Amino acid sequence: MSKILIRGAKVLGGEAQDVLIDGETIAEVGQNLSAEGAQVIEADGQVLLPGLVDLHTHLREPGREDSETVLTGTRAAASGGYTAVFAMANTFPVADTAGVVEQVWRLGKESGYCDVQPIGAVTVGLEGKKLSELGAMHESAARVTVFSDDGKCVDDAVIMRRALEYVKAFGGVVAQHAQEPRLTEGAQMNEGVVSAELGLGGWPAVAEESIIARDVLLAEHVGSRVHICHLSTAGSVEIVRWAKSRGIDVTAEVTPHHLLLTDELVRSYDPVYKVNPPLRTERDVMALREALADGTIDIVATDHAPHPHEDKDCEWAAAAMGMVGLETALSVVQQTMVETGLLDWAGVAERMSHAPARIGSLPGHGRPVSAGEPANLTLVETSYRGVVDPAHFASRSRNTPYEGRELPGRVTHTFLRGRATVVDGKLA
(Lines give C-alpha, C1' and ligand atoms only; values in the text may rest on other atoms or scores of the structure.)
Protein backbone atom coordinates (compact mmCIF):
# COMPACT_ATOMS: atom_id res chain seq x y z
CA MET A 1 0.00 0.00 0.00
CA SER A 2 1.18 3.52 -0.75
CA LYS A 3 1.47 6.22 1.85
CA ILE A 4 -1.35 8.75 2.29
CA LEU A 5 -0.87 12.17 3.85
CA ILE A 6 -4.01 13.87 5.13
CA ARG A 7 -3.06 17.52 5.46
CA GLY A 8 -4.70 20.12 7.69
CA ALA A 9 -7.53 18.05 9.19
CA LYS A 10 -9.10 18.96 12.52
CA VAL A 11 -8.53 15.75 14.47
CA LEU A 12 -11.67 15.21 16.57
CA GLY A 13 -12.60 18.79 15.76
CA GLY A 14 -9.48 20.22 17.41
CA GLU A 15 -6.54 22.06 15.89
CA ALA A 16 -5.49 21.33 12.32
CA GLN A 17 -2.92 18.56 12.02
CA ASP A 18 -1.42 16.31 9.40
CA VAL A 19 -1.96 12.55 9.56
CA LEU A 20 0.36 10.16 7.73
CA ILE A 21 -0.98 6.71 6.86
CA ASP A 22 1.58 4.05 5.99
CA GLY A 23 0.02 0.78 4.90
CA GLU A 24 -2.68 -0.26 7.39
CA THR A 25 -1.44 1.98 10.19
CA ILE A 26 -1.30 5.62 11.24
CA ALA A 27 2.42 6.35 11.10
CA GLU A 28 2.48 9.90 12.43
CA VAL A 29 0.24 12.75 13.58
CA GLY A 30 1.63 16.26 13.80
CA GLN A 31 2.31 19.60 12.14
CA ASN A 32 3.93 20.10 8.73
CA LEU A 33 4.46 16.43 8.03
CA SER A 34 5.92 15.28 4.74
CA ALA A 35 6.37 11.92 3.11
CA GLU A 36 8.09 11.33 -0.18
CA GLY A 37 5.79 9.74 -2.73
CA ALA A 38 2.72 9.96 -0.49
CA GLN A 39 -0.72 10.65 -1.93
CA VAL A 40 -1.78 14.00 -0.45
CA ILE A 41 -5.34 14.77 0.60
CA GLU A 42 -5.94 18.46 1.32
CA ALA A 43 -8.41 18.47 4.22
CA ASP A 44 -8.41 22.11 5.32
CA GLY A 45 -11.30 22.69 7.69
CA GLN A 46 -12.52 19.10 7.62
CA VAL A 47 -12.94 17.02 10.78
CA LEU A 48 -11.09 13.72 11.07
CA LEU A 49 -12.76 11.04 13.18
CA PRO A 50 -11.99 7.41 13.92
CA GLY A 51 -13.99 5.16 11.59
CA LEU A 52 -17.59 4.94 12.80
CA VAL A 53 -18.94 1.71 14.27
CA ASP A 54 -22.64 0.78 14.11
CA LEU A 55 -23.82 -1.69 16.74
CA HIS A 56 -27.22 -2.15 15.09
CA THR A 57 -27.47 -2.77 11.33
CA HIS A 58 -29.82 -4.95 9.33
CA LEU A 59 -28.00 -6.29 6.26
CA ARG A 60 -30.86 -8.71 5.37
CA GLU A 61 -28.58 -11.36 3.88
CA PRO A 62 -29.25 -14.27 3.87
CA GLY A 63 -32.90 -14.36 2.83
CA ARG A 64 -34.00 -10.83 1.98
CA GLU A 65 -31.51 -9.79 -0.65
CA ASP A 66 -34.29 -7.79 -2.32
CA SER A 67 -33.92 -5.31 0.58
CA GLU A 68 -30.16 -5.33 1.12
CA THR A 69 -27.08 -7.50 0.79
CA VAL A 70 -23.89 -7.55 2.77
CA LEU A 71 -22.21 -5.88 -0.21
CA THR A 72 -24.75 -3.08 -0.68
CA GLY A 73 -25.11 -2.59 3.07
CA THR A 74 -21.37 -2.23 3.60
CA ARG A 75 -21.16 0.16 0.65
CA ALA A 76 -23.85 2.25 2.36
CA ALA A 77 -21.92 2.00 5.63
CA ALA A 78 -18.66 3.21 4.06
CA SER A 79 -20.54 6.08 2.41
CA GLY A 80 -21.74 7.11 5.86
CA GLY A 81 -18.26 6.98 7.38
CA TYR A 82 -18.49 3.53 8.96
CA THR A 83 -15.62 1.07 9.04
CA ALA A 84 -17.47 -1.62 11.00
CA VAL A 85 -21.08 -2.69 11.46
CA PHE A 86 -22.77 -5.31 13.63
CA ALA A 87 -25.27 -7.31 11.55
CA MET A 88 -28.53 -8.20 13.29
CA ALA A 89 -29.70 -11.80 13.48
CA ASN A 90 -33.21 -11.57 12.02
CA THR A 91 -32.26 -12.99 8.64
CA PHE A 92 -33.72 -16.03 6.80
CA PRO A 93 -32.48 -18.41 8.08
CA VAL A 94 -32.04 -16.75 11.45
CA ALA A 95 -28.45 -16.28 12.59
CA ASP A 96 -28.88 -18.69 15.49
CA THR A 97 -26.12 -21.18 14.62
CA ALA A 98 -22.38 -21.05 14.08
CA GLY A 99 -22.91 -21.84 10.39
CA VAL A 100 -25.10 -18.82 9.67
CA VAL A 101 -23.01 -16.29 11.59
CA GLU A 102 -19.89 -17.56 9.83
CA GLN A 103 -21.64 -17.14 6.48
CA VAL A 104 -22.43 -13.48 7.26
CA TRP A 105 -18.90 -12.91 8.59
CA ARG A 106 -17.32 -14.36 5.44
CA LEU A 107 -19.60 -12.30 3.20
CA GLY A 108 -18.34 -9.25 5.08
CA LYS A 109 -14.73 -10.28 4.47
CA GLU A 110 -15.48 -10.60 0.76
CA SER A 111 -17.32 -7.27 0.45
CA GLY A 112 -14.31 -5.23 1.51
CA TYR A 113 -16.13 -1.97 2.25
CA CYS A 114 -16.25 -2.35 6.03
CA ASP A 115 -15.86 -5.02 8.66
CA VAL A 116 -19.01 -7.01 9.43
CA GLN A 117 -19.43 -8.49 12.89
CA PRO A 118 -22.49 -10.78 13.13
CA ILE A 119 -24.88 -10.60 16.07
CA GLY A 120 -26.22 -13.99 17.13
CA ALA A 121 -29.85 -14.68 17.98
CA VAL A 122 -30.59 -15.18 21.68
CA THR A 123 -33.24 -17.81 21.00
CA VAL A 124 -33.76 -20.42 18.29
CA GLY A 125 -35.65 -18.90 15.37
CA LEU A 126 -36.20 -15.70 17.39
CA GLU A 127 -39.13 -17.56 18.95
CA GLY A 128 -38.24 -16.78 22.55
CA LYS A 129 -38.56 -20.37 23.72
CA LYS A 130 -35.12 -22.00 23.67
CA LEU A 131 -31.63 -20.54 23.84
CA SER A 132 -29.71 -20.72 20.58
CA GLU A 133 -26.12 -21.94 20.20
CA LEU A 134 -24.59 -19.01 22.09
CA GLY A 135 -21.34 -20.76 22.96
CA ALA A 136 -20.88 -22.28 19.50
CA MET A 137 -21.41 -18.88 17.86
CA HIS A 138 -18.85 -17.33 20.18
CA GLU A 139 -16.33 -20.08 19.43
CA SER A 140 -16.92 -19.86 15.66
CA ALA A 141 -14.70 -17.96 13.24
CA ALA A 142 -17.09 -15.01 13.66
CA ARG A 143 -16.30 -14.78 17.41
CA VAL A 144 -19.79 -13.50 18.26
CA THR A 145 -20.02 -11.53 21.51
CA VAL A 146 -23.33 -9.67 21.03
CA PHE A 147 -26.63 -11.55 21.02
CA SER A 148 -30.07 -10.16 20.25
CA ASP A 149 -33.52 -11.20 19.07
CA ASP A 150 -33.95 -7.66 17.74
CA GLY A 151 -37.31 -7.19 16.10
CA LYS A 152 -38.64 -9.41 18.86
CA CYS A 153 -38.30 -8.94 22.59
CA VAL A 154 -36.97 -11.72 24.79
CA ASP A 155 -40.09 -11.31 26.91
CA ASP A 156 -39.73 -14.50 29.00
CA ALA A 157 -37.85 -13.46 32.14
CA VAL A 158 -36.45 -16.96 32.71
CA ILE A 159 -35.04 -17.16 29.18
CA MET A 160 -33.56 -13.68 29.54
CA ARG A 161 -31.94 -14.61 32.84
CA ARG A 162 -30.45 -17.78 31.35
CA ALA A 163 -29.07 -15.83 28.39
CA LEU A 164 -27.43 -13.29 30.70
CA GLU A 165 -25.90 -16.11 32.75
CA TYR A 166 -24.61 -17.90 29.66
CA VAL A 167 -22.90 -14.93 27.98
CA LYS A 168 -21.32 -13.83 31.25
CA ALA A 169 -18.94 -16.80 30.97
CA PHE A 170 -17.19 -15.30 27.94
CA GLY A 171 -17.80 -11.57 28.44
CA GLY A 172 -20.70 -11.37 26.00
CA VAL A 173 -23.67 -9.02 26.08
CA VAL A 174 -27.39 -9.45 25.44
CA ALA A 175 -28.86 -6.59 23.41
CA GLN A 176 -32.56 -6.34 24.20
CA HIS A 177 -35.33 -5.04 21.97
CA ALA A 178 -37.46 -3.69 24.81
CA GLN A 179 -41.09 -4.24 23.85
CA GLU A 180 -43.62 -6.00 26.05
CA PRO A 181 -45.63 -7.78 23.32
CA ARG A 182 -48.91 -7.92 25.24
CA LEU A 183 -48.91 -4.15 25.63
CA THR A 184 -48.31 -3.52 21.92
CA GLU A 185 -50.74 -5.87 20.19
CA GLY A 186 -52.10 -4.04 17.17
CA ALA A 187 -49.99 -0.97 17.91
CA GLN A 188 -49.24 1.28 14.93
CA MET A 189 -47.59 4.35 16.45
CA ASN A 190 -46.74 6.05 19.75
CA GLU A 191 -49.65 6.09 22.18
CA GLY A 192 -50.60 9.68 22.85
CA VAL A 193 -52.51 12.67 21.56
CA VAL A 194 -51.66 12.05 17.90
CA SER A 195 -52.63 8.35 17.95
CA ALA A 196 -55.95 9.25 19.59
CA GLU A 197 -56.69 11.90 16.99
CA LEU A 198 -55.72 9.63 14.07
CA GLY A 199 -57.46 6.55 15.43
CA LEU A 200 -54.30 4.41 15.16
CA GLY A 201 -53.47 1.75 17.72
CA GLY A 202 -51.21 3.21 20.40
CA TRP A 203 -47.78 1.91 21.47
CA PRO A 204 -47.38 2.98 25.10
CA ALA A 205 -44.05 4.09 26.50
CA VAL A 206 -44.51 1.66 29.40
CA ALA A 207 -44.20 -1.28 26.98
CA GLU A 208 -40.55 -0.29 26.55
CA GLU A 209 -39.88 0.94 30.05
CA SER A 210 -41.22 -2.14 31.85
CA ILE A 211 -38.86 -4.48 29.96
CA ILE A 212 -35.86 -2.22 30.57
CA ALA A 213 -36.67 -2.09 34.30
CA ARG A 214 -36.93 -5.87 34.47
CA ASP A 215 -33.76 -6.47 32.49
CA VAL A 216 -31.50 -4.11 34.41
CA LEU A 217 -32.60 -5.86 37.60
CA LEU A 218 -31.88 -9.24 36.01
CA ALA A 219 -28.46 -8.03 34.90
CA GLU A 220 -27.74 -6.83 38.43
CA HIS A 221 -28.87 -10.16 39.90
CA VAL A 222 -26.77 -12.20 37.48
CA GLY A 223 -23.80 -9.82 37.39
CA SER A 224 -23.89 -9.74 33.59
CA ARG A 225 -24.04 -7.13 30.82
CA VAL A 226 -27.23 -5.95 29.15
CA HIS A 227 -27.49 -3.47 26.28
CA ILE A 228 -30.74 -1.65 25.48
CA CYS A 229 -31.45 -1.32 21.77
CA HIS A 230 -32.99 1.86 20.30
CA LEU A 231 -34.12 3.45 23.57
CA SER A 232 -36.89 5.91 22.73
CA THR A 233 -38.69 7.41 25.75
CA ALA A 234 -37.94 9.88 28.53
CA GLY A 235 -39.01 7.25 31.05
CA SER A 236 -36.51 4.75 29.66
CA VAL A 237 -33.77 7.35 30.11
CA GLU A 238 -34.63 7.69 33.80
CA ILE A 239 -34.56 3.91 34.34
CA VAL A 240 -31.15 3.55 32.68
CA ARG A 241 -29.83 6.55 34.64
CA TRP A 242 -31.04 4.95 37.89
CA ALA A 243 -29.52 1.58 36.93
CA LYS A 244 -26.14 3.15 36.21
CA SER A 245 -26.23 4.99 39.52
CA ARG A 246 -26.55 1.56 41.20
CA GLY A 247 -23.53 0.25 39.31
CA ILE A 248 -25.53 -2.07 37.07
CA ASP A 249 -23.63 -3.01 33.91
CA VAL A 250 -26.11 -1.56 31.39
CA THR A 251 -25.46 0.33 28.18
CA ALA A 252 -27.97 1.91 25.83
CA GLU A 253 -28.27 3.22 22.30
CA VAL A 254 -30.41 5.81 20.54
CA THR A 255 -31.09 6.03 16.82
CA PRO A 256 -30.61 9.20 14.77
CA HIS A 257 -34.30 9.28 13.87
CA HIS A 258 -35.33 9.27 17.52
CA LEU A 259 -33.05 12.29 18.04
CA LEU A 260 -34.79 14.31 15.34
CA LEU A 261 -38.27 13.12 14.34
CA THR A 262 -41.53 13.09 16.33
CA ASP A 263 -44.90 11.35 16.12
CA GLU A 264 -46.41 14.53 14.65
CA LEU A 265 -45.02 13.34 11.28
CA VAL A 266 -47.40 10.37 11.36
CA ARG A 267 -50.25 12.79 10.61
CA SER A 268 -49.12 12.49 6.98
CA TYR A 269 -49.87 8.73 7.06
CA ASP A 270 -46.64 8.30 5.10
CA PRO A 271 -45.36 4.79 5.98
CA VAL A 272 -41.76 6.01 5.72
CA TYR A 273 -42.31 7.23 9.30
CA LYS A 274 -43.45 3.82 10.56
CA VAL A 275 -40.69 2.38 12.72
CA ASN A 276 -40.14 0.13 15.74
CA PRO A 277 -39.99 1.56 18.38
CA PRO A 278 -42.25 4.32 17.07
CA LEU A 279 -41.41 7.97 16.74
CA ARG A 280 -42.20 9.55 20.10
CA THR A 281 -43.02 13.07 21.33
CA GLU A 282 -40.95 16.26 21.31
CA ARG A 283 -40.46 15.81 25.06
CA ASP A 284 -38.98 12.36 24.47
CA VAL A 285 -36.68 13.68 21.72
CA MET A 286 -35.30 16.38 24.01
CA ALA A 287 -34.78 13.87 26.84
CA LEU A 288 -32.89 11.54 24.49
CA ARG A 289 -30.59 14.32 23.32
CA GLU A 290 -29.78 15.33 26.89
CA ALA A 291 -29.18 11.69 27.88
CA LEU A 292 -26.82 11.15 24.95
CA ALA A 293 -24.96 14.31 25.91
CA ASP A 294 -24.55 13.38 29.58
CA GLY A 295 -23.61 9.75 28.87
CA THR A 296 -26.75 8.07 30.19
CA ILE A 297 -27.19 6.85 26.63
CA ASP A 298 -23.83 5.47 25.55
CA ILE A 299 -24.00 5.35 21.76
CA VAL A 300 -25.78 6.25 18.55
CA ALA A 301 -26.78 3.19 16.51
CA THR A 302 -28.60 3.43 13.21
CA ASP A 303 -31.03 0.47 13.30
CA HIS A 304 -30.57 0.62 9.50
CA ALA A 305 -33.66 -1.27 8.34
CA PRO A 306 -33.91 -1.45 4.55
CA HIS A 307 -37.15 -2.46 2.83
CA PRO A 308 -38.08 -2.77 -0.86
CA HIS A 309 -40.51 -0.11 -2.09
CA GLU A 310 -43.50 -2.47 -2.15
CA ASP A 311 -43.16 -3.00 1.62
CA LYS A 312 -43.39 0.74 2.23
CA ASP A 313 -45.38 2.06 -0.73
CA CYS A 314 -48.72 0.90 0.67
CA GLU A 315 -51.30 1.84 3.31
CA TRP A 316 -49.96 2.57 6.79
CA ALA A 317 -51.34 -0.53 8.53
CA ALA A 318 -49.81 -2.92 5.98
CA ALA A 319 -46.40 -1.22 5.77
CA ALA A 320 -43.22 -2.72 7.20
CA MET A 321 -41.53 -0.97 10.09
CA GLY A 322 -38.09 0.54 9.67
CA MET A 323 -35.88 3.18 8.06
CA VAL A 324 -32.50 3.17 6.34
CA GLY A 325 -29.95 5.19 8.27
CA LEU A 326 -26.31 4.42 7.57
CA GLU A 327 -25.79 7.17 5.02
CA THR A 328 -27.47 9.96 7.00
CA ALA A 329 -26.63 9.11 10.64
CA LEU A 330 -23.62 11.38 11.04
CA SER A 331 -25.44 14.33 9.46
CA VAL A 332 -28.40 13.91 11.83
CA VAL A 333 -26.05 13.74 14.82
CA GLN A 334 -24.26 16.88 13.60
CA GLN A 335 -27.57 18.72 13.36
CA THR A 336 -29.14 17.52 16.61
CA MET A 337 -26.09 17.27 18.89
CA VAL A 338 -23.12 19.27 17.54
CA GLU A 339 -24.88 22.29 16.11
CA THR A 340 -27.03 22.54 19.26
CA GLY A 341 -23.91 22.61 21.43
CA LEU A 342 -24.75 19.37 23.24
CA LEU A 343 -21.69 17.49 21.94
CA ASP A 344 -18.33 18.37 20.44
CA TRP A 345 -16.71 16.20 17.78
CA ALA A 346 -14.68 14.31 20.37
CA GLY A 347 -18.02 13.43 21.98
CA VAL A 348 -19.34 12.24 18.63
CA ALA A 349 -16.25 10.04 18.22
CA GLU A 350 -16.89 8.53 21.65
CA ARG A 351 -20.56 7.76 20.94
CA MET A 352 -20.25 6.65 17.32
CA SER A 353 -16.87 4.89 17.34
CA HIS A 354 -15.07 4.30 20.64
CA ALA A 355 -18.05 3.19 22.77
CA PRO A 356 -19.81 0.92 20.23
CA ALA A 357 -16.53 -0.86 19.52
CA ARG A 358 -15.98 -1.25 23.26
CA ILE A 359 -19.49 -2.57 23.92
CA GLY A 360 -19.19 -5.02 21.03
CA SER A 361 -15.63 -6.08 21.97
CA LEU A 362 -14.43 -5.28 18.46
CA PRO A 363 -10.63 -4.99 18.30
CA GLY A 364 -9.01 -2.60 15.85
CA HIS A 365 -11.97 -0.22 15.74
CA GLY A 366 -12.86 2.76 17.90
CA ARG A 367 -9.19 3.45 18.44
CA PRO A 368 -7.53 6.86 18.99
CA VAL A 369 -6.34 8.88 15.99
CA SER A 370 -2.68 8.51 16.90
CA ALA A 371 0.54 6.92 15.70
CA GLY A 372 0.61 3.15 15.76
CA GLU A 373 -3.16 2.74 15.60
CA PRO A 374 -5.08 1.08 12.74
CA ALA A 375 -5.88 3.55 9.98
CA ASN A 376 -9.67 3.28 10.26
CA LEU A 377 -10.65 6.89 9.66
CA THR A 378 -13.45 9.14 8.48
CA LEU A 379 -13.02 12.64 7.04
CA VAL A 380 -16.06 14.92 7.29
CA GLU A 381 -16.77 18.19 5.52
CA THR A 382 -18.84 19.73 8.30
CA SER A 383 -19.55 23.01 6.47
CA TYR A 384 -21.43 21.19 3.72
CA ARG A 385 -25.21 21.53 3.42
CA GLY A 386 -27.21 19.35 1.08
CA VAL A 387 -30.68 18.01 0.40
CA VAL A 388 -31.09 14.26 0.93
CA ASP A 389 -31.75 12.43 -2.34
CA PRO A 390 -32.16 8.66 -1.83
CA ALA A 391 -31.59 8.09 -5.56
CA HIS A 392 -27.90 8.56 -4.76
CA PHE A 393 -27.83 6.07 -1.88
CA ALA A 394 -25.51 3.08 -1.99
CA SER A 395 -28.10 1.07 -0.07
CA ARG A 396 -30.39 -1.16 -2.13
CA SER A 397 -33.41 0.38 -0.37
CA ARG A 398 -34.69 3.95 -0.34
CA ASN A 399 -36.95 4.11 2.74
CA THR A 400 -35.43 7.22 4.28
CA PRO A 401 -37.50 9.71 6.31
CA TYR A 402 -35.13 12.51 5.26
CA GLU A 403 -35.87 12.69 1.53
CA GLY A 404 -35.97 16.35 0.51
CA ARG A 405 -34.68 17.50 3.90
CA GLU A 406 -31.53 19.60 4.14
CA LEU A 407 -28.91 18.09 6.44
CA PRO A 408 -25.42 19.29 7.33
CA GLY A 409 -22.10 17.58 6.72
CA ARG A 410 -20.89 14.93 4.32
CA VAL A 411 -18.30 12.19 4.45
CA THR A 412 -15.57 12.92 1.90
CA HIS A 413 -13.21 10.02 2.69
CA THR A 414 -13.41 6.75 4.59
CA PHE A 415 -10.35 4.57 5.20
CA LEU A 416 -10.49 0.91 6.22
CA ARG A 417 -7.05 -0.11 7.50
CA GLY A 418 -5.43 2.49 5.28
CA ARG A 419 -7.38 1.62 2.15
CA ALA A 420 -9.78 4.26 0.86
CA THR A 421 -13.34 2.98 0.56
CA VAL A 422 -14.73 6.47 -0.11
CA VAL A 423 -12.82 9.20 -2.02
CA ASP A 424 -14.19 12.72 -2.56
CA GLY A 425 -17.62 11.59 -1.45
CA LYS A 426 -17.79 8.67 -3.88
CA LEU A 427 -17.27 4.97 -3.30
CA ALA A 428 -13.81 3.84 -4.27
Side-chain angles (χ1 to χ4, degrees), residues 1-14 16-30 33-35 37-54 57 70-86 108-117 302 326-327 329-331 333-334 345-346 348-350 352-354 356-357 360 362-382 384 394 409-428:
M1 283 186 173
S2 60
K3 295 180 180 180
I4 300 171
L5 180 60
I6 301 172
R7 185 174 284 155
K10 297 179 179 178
V11 177
L12 304 189
Q17 297 187 78
D18 300 341
V19 176
L20 178 63
I21 299 171
D22 189 354
E24 298 185 355
T25 306
I26 299 172
E28 195 175 356
V29 178
L33 300 184
S34 61
Q39 175 191 349
V40 177
I41 296 172
E42 297 293 349
D44 290 346
Q46 296 191 45
V47 171
L48 187 67
L49 301 173
L52 307 184
V53 177
D54 188 19
T57 300
V70 173
L71 175 60
T72 61
T74 56
R75 285 167 63 93
S79 297
Y82 289 88
T83 54
V85 298
F86 284 74
K109 290 288 186 186
E110 293 166 7
S111 77
Y113 281 90
C114 77
D115 287 345
V116 175
Q117 180 58 44
T302 69
L326 286 168
E327 295 172 76
L330 189 56
S331 290
V333 170
Q334 180 179 335
W345 284 107
V348 172
E350 169 63 21
M352 297 186 75
S353 182
H354 302 313
L362 191 63
H365 291 275
R367 303 295 305 161
V369 181
S370 58
E373 296 289 353
N376 296 318
L377 299 167
T378 298
L379 196 55
V380 188
E381 185 183 356
T382 59
Y384 176 85
R410 73 179 184 113
V411 172
T412 62
H413 292 76
T414 306
F415 299 93
L416 178 63
R417 286 182 291 279
R419 181 173 57 83
T421 55
V422 173
V423 177
D424 293 328
K426 295 181 173 59
L427 286 161

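What you see is a predicted model; the values in this text were computed from it and never measured. Values below: every heavy atom of this structure, side chains too, minus hydrogens, waters and symmetry copies.
- In this structure a side-chain-to-backbone donor-acceptor pair under 3.5 Å is missing from His413 to Val423.
- Shortest non-hydrogen contact noted between Lys3 and Ala35 is CD-CB, 4.3 Å.
- Between Leu52 atom CG and Met352 atom CE the span is 5.0 Å, to the nearest 0.5 Å.
- At least one side-chain heavy atom of Asn376 sits under 4.5 Å from a side-chain heavy atom of Leu416.
- Contact detail for Ala329 and Tyr82: the closest heavy-atom pair is CB-OH, 3.4 Å.
- For the atom pair Glu28 CD and Ile26 CD1, the distance stands at 11.5 Å (nearest 0.5 Å).
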(Q) The test is side chain to side chain contact (heavy atoms under 4.5 Å, CB included); show your working for Val348 and Leu330 and say whether it passes. (A) CA-CA 9 Å; Val348 172; Leu330 189 56; 3.9 Å; yes
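- For Val53 against Gly366, the heavy-atom pair with the smallest separation is CG2-N, 4.4 Å.
- The distance from the CZ atom of Arg419 to the OG atom of Ser2 is 12.5 Å, given to the nearest 0.5 Å.
- Inter-residue side-chain proximity for Thr412 and Tyr384 is flagged as unmet; no heavy-atom pair is nearer than 4.5 Å.
- When side chains are defined from C-beta on, Glu327 does not count as touching Thr302, because their heavy atoms never get closer than 4.5 Å.
- Nearest heavy-atom pair across Trp345 and Leu12 is CB-O, 3.5 Å.
- Residues Gly51 and Ser353 approach most closely at O-OG, 2.8 Å, considering heavy atoms.
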Q | Check against side chain to side chain contact (heavy atoms under 4.5 Å, CB included), Leu377 and Ile21 | A | CA-CA 10 Å; Leu377 299 167; Ile21 299 171; 3.8 Å; yes
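- One finds the CD atom of Glu381 at 11.5 Å from the CG atom of Asp44 (value rounded to the nearest 0.5 Å).
- Within the 3.5 Å criterion, the main-chain N or O of Leu71 finds a donor-acceptor partner in the side chain of Thr74.
- Thr25 contributes no side-chain N or O that, together with a main-chain N or O of Asp22, makes up a donor-acceptor pair within less than 3.5 Å.
- With a 4.5 Å cut-off on side-chain heavy atoms, Phe415 and Ile41 count as touching.
- Taking the side chain as every heavy atom from C-beta outward, Leu326 and Ser79 never approach each other to under 4.5 Å.
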Q. After noting the C-alpha distance and the side-chain angles of Leu427 and Tyr113, does the key distance pass the side chain to side chain contact (heavy atoms under 4.5 Å, CB included) rule?
A. CA-CA 9 Å; Leu427 286 161; Tyr113 281 90; 3.8 Å; yes
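- A distance-only check finds a donor-acceptor pair linking the side chain of Gln334 to the backbone of Thr382 [under 3.5 Å].
- Here the side chain of Thr378 pairs no donor or acceptor atom with the backbone of Thr414 at under 3.5 angstrom.
- Residues Gln17 and Leu48 are not in side-chain contact: their nearest non-hydrogen atoms beyond the backbone lie 4.5 Å or more apart.
- Between Ser331 and Val411, every side-chain heavy-atom pair lies at or beyond the 4.5 Å cut-off.
- Atom CG of Leu20 sits about 10.5 Å away from atom CZ of Arg7, to the nearest 0.5 Å.
- With values rounded to the nearest 0.5 angstrom, His354 atom NE2 is found 8.5 Å from Leu49 atom CG.
- Nearest heavy atoms, Gly13 versus Val47: N-CG1, 3.7 Å.
- With Asp18 contributing its side chain and Gly8 its backbone, the two residues share a donor-acceptor pair below 3.5 Å.
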